[in-house]
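To start, the structure itself, in structure tokens.
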Amino acid sequence: MKHYDFTDLAVPGVRQLKPYIPGKPTAELEREYGVSNSIKLASNENPLGASPRAIEAMRGELDDLWLYPDANGFELKQALAARHGVDPSCITLGNGSNDVLVFLAQVFLQPGLEAVFSQYCFAVYPIATQMVGATAKVAPALPADHVMPLGHDLRALYEQVGPDTRLVMVANPNNPTGTWLDGARLKDFVASLPPHVICVVDEAYTEYAESDRLGDASTWLDECPSLVVTRTFSKAYGLAGLRVGYALSNPGISDLLNRVRPAFNVNSLALTAARAALDDQAFIDHSREVNSAGLVQLGEGLGHLGARVVPSAANFVLAEFDRSGAELNEQLLRAGIIVRPVANYGLENYLRITVGTEAQNQRVLDALGTILGQSSGQ
Ligand SMILES: *Cc1c(COP(=O)(O)O)cnc(C)c1O
């Protein structure tokens, strides 16, 4: 069909908007490159799949798919409330936590108001901000030679906060860097923000964090009324395809978020699966163990290849090479391996690689070894 240009009709925030660039699905790679046996280490999915309990629970839901889902997600909220020791009225369910981030922008931002986040933060924060026509205030990240290279700099973030700031968004650990903030310092930062500022602490990867050095922001809600904590079932719980995440906040905030939330934003299968997955602690523990071993394997292997690996508390590593990440990515695609080039974040010579199974990690290390023309040191 002939493509007409309607850009002038779009609201100002949308005119310049560049959509989120997702990882390529394996089926698309296989179609485009004529390869088979491809692997995807590009979207921080759980290489172990989903909790078997979640899959079993969804089977029991199939006969009821003709019914609309429970718009209030009663059972999942009850379980989450019990898990976090909060009232169900503190919870906002999202079609992935991405959904909740968009609600936050819709509720608290508009042209003339500002959102503060860090350089190298999760790409959804600037997108949600721009979409509603608000202004992004970007704090410089920690330098590449810092112990937490490219990580969030709380002091720099604080300096960006002004009278028009309504949202500050911080991921702990952060994507795409994998870096993290000390929990006690982050809590002090949240508590120090003026009352007109809502602080979002995005804990998408928190189940992977091995020690309690990152803290658990969901336990700060009583002391920090303007705090919003976001969580997701997409990462450690292995349910990325279902789209379910949530926010924990003061009920005064969740009340507002739920006003813009489409009533049926979380589908029945997702509600049921998330409810069952929450109880499968053995699956989470096993996922964390496999991930920790994989972080060591990828860290050492990439180090042997001469890459500089950013420390990670998540299920991926960001590595710097002495050549273009886009070129390396292209060569990996030809070898049937999908990783994430991050030039769109301003990280030209870097790749973000999701921790896979031991065999998948070895495959990406071997392929990179061949591409870089040296052995992987094994
Ligand atoms: C993956 C990710 C999310 C979660 O996205 P969903 O919409 O829940 O799948 C949120 N924040 C960060 C930083 C992420 O990397």
Side-chain angles (χ1 to χ4, degrees), residues 19-23 25 40-47 50 54 73 76 80 91-106 115 117-129 131 141 150-152 157 167-181 186 199-209 214 217-218 228-249 257 261-262 265-267 269-271 273-274 277-278 287 291 310 312-318 339-340 342 344-345 347 352-355:
Y20 181 78
I21 308 169
K40 183 184 177 203
L41 300 174
S43 300
N44 306 339
E45 293 138 335
N46 187 333
L76 177 57
L80 289 170
I91 299 167
T92 308
L93 297 179
N95 191 265
S97 55
N98 191 332
D99 210 21
V100 177
L101 295 170
V102 171
F103 301 160
L104 283 157
Q106 289 173 327
F117 37 78
S118 179
Q119 189 183 12
Y120 315 127
C121 70
F122 185 39
V124 168
Y125 310 160
I127 291 174
T129 302
M131 192 164 71
L150 316 178
H152 289 357
L157 281 161
L167 285 182
V168 174
M169 291 184 263
V170 171
N172 197 32
N174 182 48
N175 171 20
T177 59
T179 52
W180 63 93
L181 289 157
L186 178 56
C199 188
V200 181
V201 176
D202 179 343
E203 295 188 327
Y205 299 95
T206 198
E207 296 83 4
Y208 283 117
L214 283 81
S218 72
V228 178
V229 182
T230 60
R231 298 279 185 106
T232 183
F233 286 92
S234 298
K235 305 290 159 59
Y237 287 100
L239 298 174
L242 282 176
R243 314 304 303 127
V244 52
Y246 59 101
L248 299 167
S249 68
L257 297 177
R261 181 183 67 84
N265 64 329
V266 185
N267 70 70
L269 291 178
L271 289 171
L278 255 194
S287 298
N291 186 64
V310 174
S312 173
N315 67 339
F316 57 86
V317 290
L318 181 67
V339 298
R340 187 71 75 95
V342 280
N344 57 318
Y345 285 90
L347 297 166
R352 194 195 68 190
I353 305 171
T354 301
V355 176

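Keep in mind that this is a model prediction, so the values were computed, not measured. Start at 1 with the first residue, then count along the sequence. We count ligands from 1, going down the list as the structure has it; atoms in each ligand are counted the same way.
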(message) Please report whether the ring centroid of Tyr125 lies less than 6.0 Å from that of Phe122.
(response) yes
(request) Please determine if Thr232 has a nitrogen or oxygen closer than 3.5 Å to a nitrogen or oxygen of ligand 1. (result) yes
(request) Please determine if Ser234 has a nitrogen or oxygen closer than 3.5 Å to a nitrogen or oxygen of ligand 1. (result) yes
(message) Would you call the rings of Tyr246 and Phe233 parallel, tilted or perpendicular, taking 30° and 60° as the class edges?
(response) tilted
(request) Decide whether a cation-pi geometry holds between Arg352 and Phe316; the criteria are a distance under 6.0 Å from NZ or CZ to the six-membered ring centre and an angle within 45° of the ring axis. (result) yes
(request) Kindly give the heavy-atom pair with the smallest separation between Tyr237 and Ala277, and that separation in Å. (result) CE2-O, 3.5 Å
Any idea which atoms of ligand 1 are less than 4.0 Å away from a heavy-atom of [X]?
{"X": "Gly96", "answer": "6 (P), 7 (O), 8 (O)"}
{"X": "Ala204", "answer": "2 (C), 3 (C), 10 (C), 11 (N), 12 (C), 14 (C)"}
{"X": "Asn175", "answer": "13 (C), 14 (C), 15 (O)"}

(message) Can you report which non-hydrogen protein atom sits closest to atom 5 (O) of ligand 1, along with the distance?
(response) Ser97 OG, 3.6 Å
(message) Tell me the protein heavy atom at minimum distance from atom 11 (N) of ligand 1, and give that distance in Å.
(response) Asp202 OD2, 2.6 Å
(request) Examine the proximity of ligand 1 to Tyr205 and report which part, side chain or backbone, both or neither, has a heavy atom under 4.0 Å away. (result) side chain
(request) Can you spot which of Thr129, Asp99, Leu257 makes a side chain to side chain contact (heavy atoms under 4.5 Å, CB included) with Leu104? (result) Leu257
(message) Taking the side chain as everything from C-beta on, heavy atoms only, tell me whether Pro25 gets closer than 4.5 Å to Lys40.
(response) no
(request) Have a look at Lys235, Arg231, Arg243, Glu203 and point out the one with the heavy atom closest to atom 14 (C) of ligand 1. (result) Lys235
